[in-house]
Amino acid sequence: MMESAELKDILFYVFAFLTVGFAGMVTFHQSLVHAALGLMGTLVSVACLYALLDADFVAVTQVVVYVGGVVILFLFGVFLTERIKEVKATNLSMNIYLAMPVGLVLLSVILFGLLISPIPFAQVEASGPTTSGIGDAFLGHYLLPFELLSGVLLAVLLGALLMARREVKPEERCK
Amino acid sequence: MTPVGLTHYLVLGAILFVFGLINLATRKNAIGVLLGVELILNAANLNIVAFSRLGIGGIEGNVFAVTVIALAAAETVVALAIVLAIFHHYRTVDVGKVSSMRD
């Protein structure tokens with residue numbers, strides 16, 4: 001019988017490797033459709049990591065909003081704008097040879113900062129399901145951000161509709 | 001092997017962030033650039049949730065994460081609408097070629 005903590009560690013490494021692999025696919029794959037599908041894999045793996053972190057509501061929100069909504073939107077965007085057969089249009093540009101060293105330097109700087117900085121927090125115990133707590137927080141202490149968020153969503157709905165629709169000439173409208 | 005702690009998640013978040021940044025720097029296609037933005041937002045979100053669970057505790061990290069997810073979805077919708085409008089106008093989504101805001 002395996003210890004629960006040990007199993008969680010193994011699962012973390014599995015999902016971490018999946019996340020990094022799919023993220024590499026997003027970044028380095030030539031085809032945009034494959035990159036969007038790689039983003040889907042990344043988001044699902046990160047949702048699994050949220051579940052490992054006992055953030056059940058966030059995990060489910062990630063799957064519903066990101067995987068169900070945003071990735072589908074991306075795929076529609078790719079299909080609507082891209083001549084998929086033309087690899088050249090989706091190609092990475094030449095400055096990948098400049099971007100890779102810069103990215104590696106940045107990564108090593110971040111990791112170095114992580115190593116030398118003390119982490120002053122103690123491990124806290126899991127507090128069970130989080131959904132009711134998130135609901136209480138949103139309708140209590142964080143009510144103003146919550147309402148602002150709904151206002152933003154309404155503005156986004158109208159703004160996106162206004163920007164993405166085709167222009168209709170007045171004479172066409174009369175027909 | 002040390003047990004998985006906060007540092008492991010932070011390292012993973014850093015790797016995701018750098019992947020997103022390389023994507024931002026190298027993609028020519030505007031939708032490809034947006035994919036990089038999503039990677040960066042997910043890296044930040046993973047850090048927030050990891051700090052919330054393995055760090056200071058409490059529910060606030062989850063609240064922030066849900067807020068970030070909602071705002072990221074909104075951002076994607078607006079950006080894709082702009083990309084579609086640009087495509088209708090210029091017939092291309094190459095960010096190197098679209099260089100003026102008016103005709």
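Bear in mind that the values here come from a model prediction, so they are computed numbers and not experimental data. Chain A is the first sequence line, chain B the second, and so forth, proteins listed ahead of strands; every chain is numbered from 1.
With a threshold of 4.5 angstrom between heavy atoms, B/Tyr9 approaches chain A through its backbone and through its side chain. Neither the backbone nor the side chain of B/Ile86 comes within contact range of chain A; no heavy atom of the residue lies under 4.5 Å from a heavy atom of that chain. The contact between A/Ile134 and chain B is made by backbone and side chain atoms together, counting heavy-atom distances below 4.5 Å. With a 4.5 Å cut-off on non-hydrogen atoms, A/Leu153 touches chain B through its side chain but not through its backbone. For A/Phe74, the parts lying under 4.5 angstrom from a heavy atom of chain B are both the backbone and the side chain. With a 4.5 angstrom heavy-atom cutoff, A/Leu111 touches chain B only via side-chain atoms.
Interface check for chain B: of the options A/Val65, A/Val46, A/Val26, A/Ile110, the most heavy-atom pairs under 4.5 Å are formed by A/Val26. With respect to chain B, the highest number of heavy-atom pairs below 4.5 Å among A/Gly24, A/Gly69, A/Pro145 belongs to A/Gly24. For the set A/Leu149, A/Val152, A/Leu115, A/Thr42, the count of heavy-atom pairs under 4.5 angstrom toward chain B peaks at A/Leu149. By number of non-hydrogen pairs under 4.5 angstrom with chain A, the leading residue of B/Leu12, B/Asn42, B/Ile15 is B/Asn42.
Residues A/Phe28 and B/Ile22 meet the side-chain proximity criterion, which asks for heavy atoms closer than 4.5 Å. A/Tyr66 has its side chain within reach of B/Leu41: a pair of non-hydrogen atoms, C-beta onward, lies under 4.5 Å apart. A heavy-atom distance below 4.5 Å is found between the side chains of B/Arg27 and A/Leu32.
Just one residue in the list A/Val58, A/Asp56, A/Leu53 forms a side-chain contact (heavy atoms from CB on, under 4.5 Å) with B/Asn62, and that residue is A/Val58.
Taking Ile, Leu, Val, Met, Phe, Trp and Tyr as hydrophobic and joining them when side-chain heavy atoms fall under 4.5 Å apart, one finds A/Ile116 in a cluster with A/Phe112.
Side-chain atoms of A/Gln62 and B/Asn45 form no donor-acceptor pair, as typed in the model, at a separation below 3.5 Å.
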Donor-acceptor contacts under 3.5 Å from residues 63-80 of chain B side chains, at least two apart:
residue : atom : partner : partner atom : Å
B/Thr67 : OG1  : B/Val63 : O            : 2.8
B/Thr76 : OG1  : B/Glu38 : OE2          : 2.7
B/Thr76 : OG1  : B/Ala72 : O            : 2.7

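The closest donor-acceptor contact from the side chain of A/Thr27 to the backbone of B/Asn23 lies at 3.5 Å or more, if one exists at all.
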